[in-house]
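Note on naming: letters A, B, ... go to the chains in the order of the sequence lines (proteins, then strands), and numbering restarts at 1 for each one. Side chains included, hydrogens not; waters and symmetry mates left out as well; all remaining heavy atoms used.
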Protein chains: 2
Amino acid sequence: MKTSITVAIVEDKEPIRQSLAILVDGAEGFSCQATFETAESALDYLPDHCVDVVLMDIDLPGMNGIDCVRHLKTRCPNTQFMMCTMYDEDETVFEALKAGANSYILKRSPPHKLLEAITELHEGGAPMSSTIARKIAGSFHVNTSAPNELDVLTPREREILDRLSKGHSHKEVANELFVSPTTVRKHIFNIYEKLQVHSKVEAVNKYLGRK
Amino acid sequence: MKTSITVAIVEDKEPIRQSLAILVDGAEGFSCQATFETAESALDYLPDHCVDVVLMDIDLPGMNGIDCVRHLKTRCPNTQFMMCTMYDEDETVFEALKAGANSYILKRSPPHKLLEAITELHEGGAPMSSTIARKIAGSFHVNTSAPNELDVLTPREREILDRLSKGHSHKEVANELFVSPTTVRKHIFNIYEKLQVHSKVEAVNKYLGRK
DNA sequence: CCGACAATACCGCATTTGCATGATTTTTAA
DNA sequence: TTAAAAATCATGCAAATGCGGTATTGTCGG
């Protein structure tokens, strides 16, 4: 007989917490080990009683679910965290992933989907509600049709800018490329003109695509 | 009667292409509009005959599937691209997402899963094979247990570093903060010592968390 | 109370950098 | 083939920067 997936639930609203617990505990192969009303109580208990999966609400009184995950993840590295919330705002999603969550599903998902997701999470997947998954995938997309400012630079200029971006000085770049420092300075001057900037930091910011 | 999801397939290996086409065309609600052996032939045909979903192999002779997506995405903005490949290497996955793919599944997925994924993709989801999804989610994770180098900085130093990161000079920062330029220089000097760097660009790189 | 630290400020020096002007050679594109 | 663009190098100046030392004031924890 294979052992059940152990689950904990962090959710402040009584009825939801109860029904989640009943759903999990009633299903074959799942075992609800603990439920918490607050992030603080979860932080108190879970580090000493690690479970396989934690269902974490985000909108909690006091500490929110994301910060709770951030703290727990370091103490329970083998626990998987499933954010379980009403909202699908961009920032919340990405903050949760940064904090260490491996799954993000909306509460409106039907019960059987939730159990499926828990299983998938435990088996090494990262189940996401479809709108969330689309957001995440889309966040990588870079619009190639929008002409990149850097296109106006020549390959040589990009080469030099790349080394500047690593913190190298005029002289260092000159040595690396086996050219005169004055040549490098000339290139940098040209780069500044093309990018409409007046210092290394500004140029590097544009190069690395941060505003 | 609702219309079928129109599909195109780009896959160089004959048997796989055939069986995918048969699978898609044979299923209720799906219609395989075209199949291609190469990225080039797909680029030639698809812009004038946009479909709902394209199943794209990555490892193609000539142009690879990722570059093919990059080009097609701008011409068929409403088409969804599903990368469909044997491998799950990190770089490939992220390059595909950057190129505009919304889904990435491994060929070893069973047929019914593939059809499910096409439907989910068409309905606004971003179906991923579980190992892929985990990679993507994990790519956001920042290890908070590793003490942040920036923690050694005082609030004032961070304030100054933040302005430096925007490309401001000593003097500008001094004016913004209503302190003497020499004070700012002293702070910067201290920052350099704490972060073990020797130039603005290096300091800003550390501040913005880019190596 | 005292020591540690943060924030403020100044002086000075050598180097780096931003900006201007000009020139030669090679490569690329029209 | 001819013109434009890119890459190379030089000279010079003024300002910005990196590095070192020193000093005053205020805050905070032991």
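- Between the C1' atom of C:dA7 and the CD atom of B:Glu159 lies a distance of 13 Å, rounded to the nearest Å.
- Spacing between atom CD1 of A:Ile191 and atom C1' of D:dA7 amounts to 12 Å, rounded to whole angstrom units.
- Atom NZ of B:Lys13 is surrounded by more than 12 heavy atoms from other residues, nucleotides or ligands within 6.0 Å.
- Between B:Ser199 and the phosphate of C:dT16, there is no side-chain N or O to OP1/OP2 separation shorter than 4.0 Å.
- Of the candidate nucleotides D:dC19, D:dT8, D:dG21, D:dT8 has the atom lying nearest to any side-chain atom of A:Val179.
- Closest approach to the B:Lys194 side chain among D:dT8, C:dA6, C:dA7 is made by C:dA6 (side chain taken as heavy atoms from C-beta onward).
- In this entry the distance linking CD of B:Glu172 with C1' of D:dT17 reads 14 Å, nearest Å.
- Note on A:His187: a base of the nucleic acid sits closer than 4.0 angstrom, heavy atoms only.
- Look at NZ on A:Lys200: it is 16 Å from P on D:dA16, rounded to the nearest Å.
- Between A:Phe189 atom CZ and D:dA15 atom C1' the separation is 15 Å, expressed in whole Å.
- Across the protein-nucleic acid pair, B:Asn190 atom CG and C:dA9 atom P stand 14 Å apart, rounded to whole Å.
- When the side-chain nitrogen and oxygen atoms of A:Arg156 are compared with OP1 and OP2 of D:dT8, one or more of them lie within a distance under 4.0 Å.
- Regarding contacts with the backbone of D:dA10, a side-chain N or O of A:Ser180 is found under 4.0 angstrom from either OP1 or OP2.
- Atom CG of B:Asp151 and atom P of C:dC5 are 17 Å apart (whole Å).
- The distance from atom CG of A:Leu161 to atom P of D:dA7 is 13 Å, rounded to the nearest whole Å.
- Among the heavy atoms of the strands lying under 4.0 Å from B:Lys171 are primed sugar atoms or P, OP1, OP2 only; no base atom is included.
- A salt bridge links B:Lys107 with B:Glu11: at least one charged nitrogen is closer than 4.0 Å to a carboxylate oxygen.
- Considering only the side chain of B:Ser169, D:dA16 comes nearest among C:dT17, D:dA16, D:dT11.
- Each of B:Pro155 and B:Thr182 was matched to the nucleotide of DNA chain C holding its nearest heavy atom; the match closer to the 5' end belongs to B:Pro155.
- Checked against C:dC19, D:dT22, D:dG18, the side chain of B:Lys186 finds its nearest nucleotide in D:dT22.
- Taking 4.0 angstrom as the limit, A:His170 places a side-chain polar atom (N or O) nearer than this to OP1 or OP2 of C:dT17.
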